[in-house]
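The structure appears right after this line, and notes come after that.
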Amino acid sequence: MNPYAPLRDYLQQQTLAELVLSLDQIEEILGFALSRASHRASWWDTARAPDEKMPQREACLEAGYIATRLAEGKGVRFRKIQQPRTRRPA
């Protein structure tokens with residue numbers, strides 16, 4: 001089981017197109033301390049090394065969000081992945 005499943009579950013319950021969580025809030029959701037690597041932007045970046053499976057990235061993507069660490073390094077912005085619009089039959 002993915003240890004980041006609680007974050008996935010939390011994000012799946014959100015209705016906002018974008019939200020920001022502090023690293024402390026994420027740790028509270030997860031129930032454990034994030035690694036020091038979580039302070040690096042690349043740790044959250046879903047576009048970086050897409051073939052490399054990272055449990056935190058997988059949890060975000062499964063919830064329908066892309067994560068980006070904030071510039072000051074104290075939080076993460078989660079943006080809902082835009083679903084392609086489907087045309088209605090005429």
Side-chain angles (χ1 to χ4, degrees):
M1 181 172 180
N2 185 337
Y4 293 88
L7 178 60
R8 179 202 61 215
D9 297 344
Y10 177 86
L11 291 172
Q12 284 177 333
Q13 295 172 9
Q14 304 310 304
T15 57
L16 296 171
E18 183 176 313
L19 67 143
V20 173
L21 296 173
S22 70
L23 295 180
D24 289 340
Q25 289 173 307
I26 295 170
E27 288 178 343
E28 188 174 316
I29 291 165
L30 293 173
F32 61 85
L34 289 166
S35 69
R36 287 177 37 183
S38 69
H39 294 270
R40 293 193 312 261
S42 62
W43 196 78
W44 293 100
D45 186 4
T46 43
R48 182 180 172 272
D51 294 338
E52 184 180 344
K53 299 295 182 194
M54 302 283 288
Q56 73 281 4
R57 294 184 204 164
E58 296 299 313
C60 295
L61 290 171
E62 287 173 12
Y65 281 86
I66 293 174
T68 308
R69 186 187 59 94
L70 298 176
E72 82 280 350
K74 295 187 173 149
V76 179
R77 174 176 283 112
F78 297 93
R79 288 189 182 127
K80 247 194 214 287
I81 297 169
Q82 296 295 319
Q83 300 298 324
R85 292 184 183 204
T86 55
R87 297 180 124 212
R88 293 185 189 161

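The analysis underlying the following values was restricted to heavy atoms, covering all of them including side chains, and did not include hydrogens, waters or symmetry mates.
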- Item | Single-linkage hydrophobic cluster, 4.5 Å side-chain cutoff, Trp43 and Ile66 together | no

- Task: Taking all non-hydrogen atoms of both residues into account, name the closest pair between Leu70 and Arg77 and its distance.
- Result: CD2-NH1, 3.5 Å

- Item | Shortest non-hydrogen separation from Tyr4 to Pro55 and the atoms involved | CD1-CB, 3.7 Å

- Tell me whether Leu16 is reachable from Val20 by hopping between hydrophobic residues (I, L, V, M, F, W, Y) whose side-chain heavy atoms are closer than 4.5 Å. no

- Message: Can you confirm whether more than 12 heavy atoms, excluding those of Glu28, are under 6.0 Å from its CD atom?
- Response: no

- Note on the structure: Taking every heavy atom of Asn2 against every heavy atom of Glu58, the minimum-distance pair comes out as ND2-CB, 4.2 Å

- Item | Ile81 side chain near Leu61 side chain, heavy-atom distance below 4.5 Å | yes

- Note on the structure: Between Glu27 and Leu34 the two heavy atoms that sit nearest each other are OE2-N, 2.9 Å

- Query: Under a 4.5 Å cut-off applied to non-hydrogen side-chain atoms, are Val76 and Tyr65 in contact?
  - Reply: no

- Task: For Arg69 and Ser38, indicate whether the former's side chain and the latter's backbone hold a donor-acceptor pair under 3.5 Å.
- Result: no

- Closest non-hydrogen contact found for Leu11 with Ala63 is CB-CB, 3.5 Å

- Item | Heavy-atom check, side chain of Leu7 versus side chain of Gln56, under 4.5 Å | no

- Task: Determine the minimum heavy-atom distance between Glu62 and Gln12, stating which atoms define it.
- Result: O-NE2, 3.6 Å

